[in-house]
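Note that the structure is a prediction, hence the values are computed from the model and not measured.
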There are 2 protein chains.
Amino acid sequence: MSKKPKAKDVLIDTASRLFMVRGYCGVGLNDIIEESGIPKGSLYYYFPEGKEQLAIAAIENTKRLVMEDIQRVFTDKENLIQALQAYVYTLAQMFGEGEKPIGSPIGTIAGEKHSTSEPIRLACESTFKDWQAVYAKKFIAAGYDEQQANSLATVFHALTEGGILLAFTMKSGQPLEQIAEQIPSLFTERPIEK
Amino acid sequence: MSKKPKAKDVLIDTASRLFMVRGYCGVGLNDIIEESGIPKGSLYYYFPEGKEQLAIAAIENTKRLVMEDIQRVFTDKENLIQALQAYVYTLAQMFGEGEKPIGSPIGTIAGEKHSTSEPIRLACESTFKDWQAVYAKKFIAAGYDEQQANSLATVFHALTEGGILLAFTMKSGQPLEQIAEQIPSLFTERPIEK
DNA sequence: GTCTATAAGAGGATAGAC
DNA sequence: GTCTATCCTCTTATAGAC
């Protein structure tokens, strides 16, 4: 389990990075071959079903990595608001640093393939559900009831996916920073007259 | 100005609809030809620069249509919270009806082309800025100062784009409904101790 | 198990008839 | 102005040598 062949992992790593930024259709197998240095034959040895199978592996890889990121931040900050805010700031940092924005969620793939590849859509759906479950758990720990927690988890997740999209499009971390700043104001509990 | 040739408009309409759902790379010119019934030669007559030019026209078309939707809802509901909530409900309705979700924002294209086509990225950026300006104006009318209004406009926009992505991926209007329900709780003003 | 060469087809784009 | 037939490149996928 610890001595896996490396080629497969390199492929998944490279594919994850490229897909997350340019989307599924925007990345050719040739791009992955070139960037990873792994020849095409090996790709089809490890992923006999081709591009779609590799994409699903990449999605599952990203799912795990992002889950770890979320858990780390949430463990570090016990307070709900601080935890949510800290996580969005980590997203913002990816853009601010001018470096390659890696590890960003799978929104790009989900957006273009939900209607044309059911296996990919299912992989994205499962990923989204798992992330939201972590968010929901944090809301519950902060005292929300289950239904409210689920809705707020959806809200927070939509904020991150939307924020990442805006940051990419604006070529700036500013949208994510603005969102992070507003988090205390958005998620602080208070009585609402129905 | 009122008696424009129809072929061009049909092309833009068809392209808008297909691009919004399946993204830029996911839609071939052949798909647009087939669905619109306009032959390829005519497409290149109206859009000599090809697919990219057509996509930009589609983005600008969607920008205008969505802007009108927003303005209509915002004019109808003077109250900030009610206006924001009503708009998200209109987005949710597109999915709930089981019909083709048309008129949805351009997130899909923005997500995949921001890094590979600067003209398209700019068209998306301009669109996003215009929509956000309308949101910001509504926040200002409700008494927020300009900086706060801009940040909250970003927040609301991210919520809608993220919500649409989740709805597509989950094949359900539920995420958008959950977001709509939470809007009063999210955007109701209250004192926060800094 | 790993890699190269090539097939088979789809994609965007063009030329030129009408 | 409108449409058809065709080109060329790029993409995914495969066959088979090593």
Where along nucleotides 4-18 of chain C does protein come under 4.0 Å, by heavy atom, of base (B) or sugar-phosphate alone (S), with - for untouched nucleotides? B------SBBB----
Could you state the atom-to-atom distance from [atom1] of [X] to [atom2] of [N] in whole Å?
X	N	atom1	atom2	result
A/Ile33	D/dA13	CD1	P	12 Å
A/Lys8	C/dG1	NZ	P	11 Å
A/Arg22	D/dC10	CZ	C1'	14 Å
A/Phe47	D/dA13	CZ	P	13 Å
A/Tyr45	C/dC3	OH	P	12 Å
B/Ile32	D/dC3	CD1	P	17 Å
A/Leu54	D/dT12	CG	P	11 Å

Any pair counted as side chain to side chain donor-acceptor pair (under 3.5 Å), so long as it reaches residues 72-87 of chain B, sequence neighbours left out: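 Of all non-adjacent pairs touching residues 72-87 of chain B, those that pass side chain to side chain donor-acceptor pair (under 3.5 Å) are B/Asp69-B/Arg72.
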May I have all residue pairs that pass side chain to side chain donor-acceptor pair (under 3.5 Å) and include part of residues 160-169 of chain B, sequence neighbours excluded?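 Side chain to side chain donor-acceptor pair (under 3.5 Å) check on residues 160-169 of chain B returns B/His157-B/Glu161.
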Give a yes or no on whether B/Val73 and B/Leu80 share a hydrophobic cluster (residues Ile, Leu, Val, Met, Phe, Trp, Tyr; joining criterion: side-chain heavy atoms under 4.5 Å apart).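 Cluster IDs for B/Val73 and B/Leu80 match.
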Can you list, in residue-number order, the parts of residues 110-117 of chain A that come under 4.0 Å of DNA chain D, counting heavy atoms only?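 Of all residues in residues 110-117 of chain A, none places a heavy atom under 4.0 Å from DNA chain D.
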Under 3.5 Å donor-acceptor, B/Ser42 side chain and B/Ile38 backbone: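 The answer is no, because no donor-acceptor pair under 3.5 Å joins these two groups.
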Name every donor-acceptor pair, under 3.5 Å, that has one atom in a side chain of residues 50-57 of chain A and the other anywhere in the protein, sequence neighbours excluded.
{"unit_1": "A/Lys51", "atom_1": "NZ", "unit_2": "A/Tyr24", "atom_2": "O", "d": "3.0"}
{"unit_1": "A/Lys51", "atom_1": "NZ", "unit_2": "A/Val27", "atom_2": "O", "d": "2.9"}
{"unit_1": "A/Glu52", "atom_1": "OE2", "unit_2": "A/Ser117", "atom_2": "OG", "d": "2.6"}
{"unit_1": "A/Gln53", "atom_1": "OE1", "unit_2": "A/Glu49", "atom_2": "N", "d": "2.9"}

If the condition is side chain to side chain donor-acceptor pair (under 3.5 Å), which residues does [X] pass it with, not counting sequence neighbours?
X	answer
A/Thr116	A/Lys113
A/Lys40	A/Asn30
B/Ser126	B/Lys63

Can you tell me if A/Tyr46 touches the phosphate of C/dT2, counting only side-chain N or O atoms and a distance under 4.0 Å to OP1 or OP2?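 Affirmative; the distance criterion is met.
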Could you pull out all residues at least two apart from B/Phe139 that satisfy ring-ring contact (aromatic ring centres under 6.0 Å, His included)?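 Partners of B/Phe139 under the ring-ring contact (aromatic ring centres under 6.0 Å, His included) test: B/Tyr144, B/Phe187.
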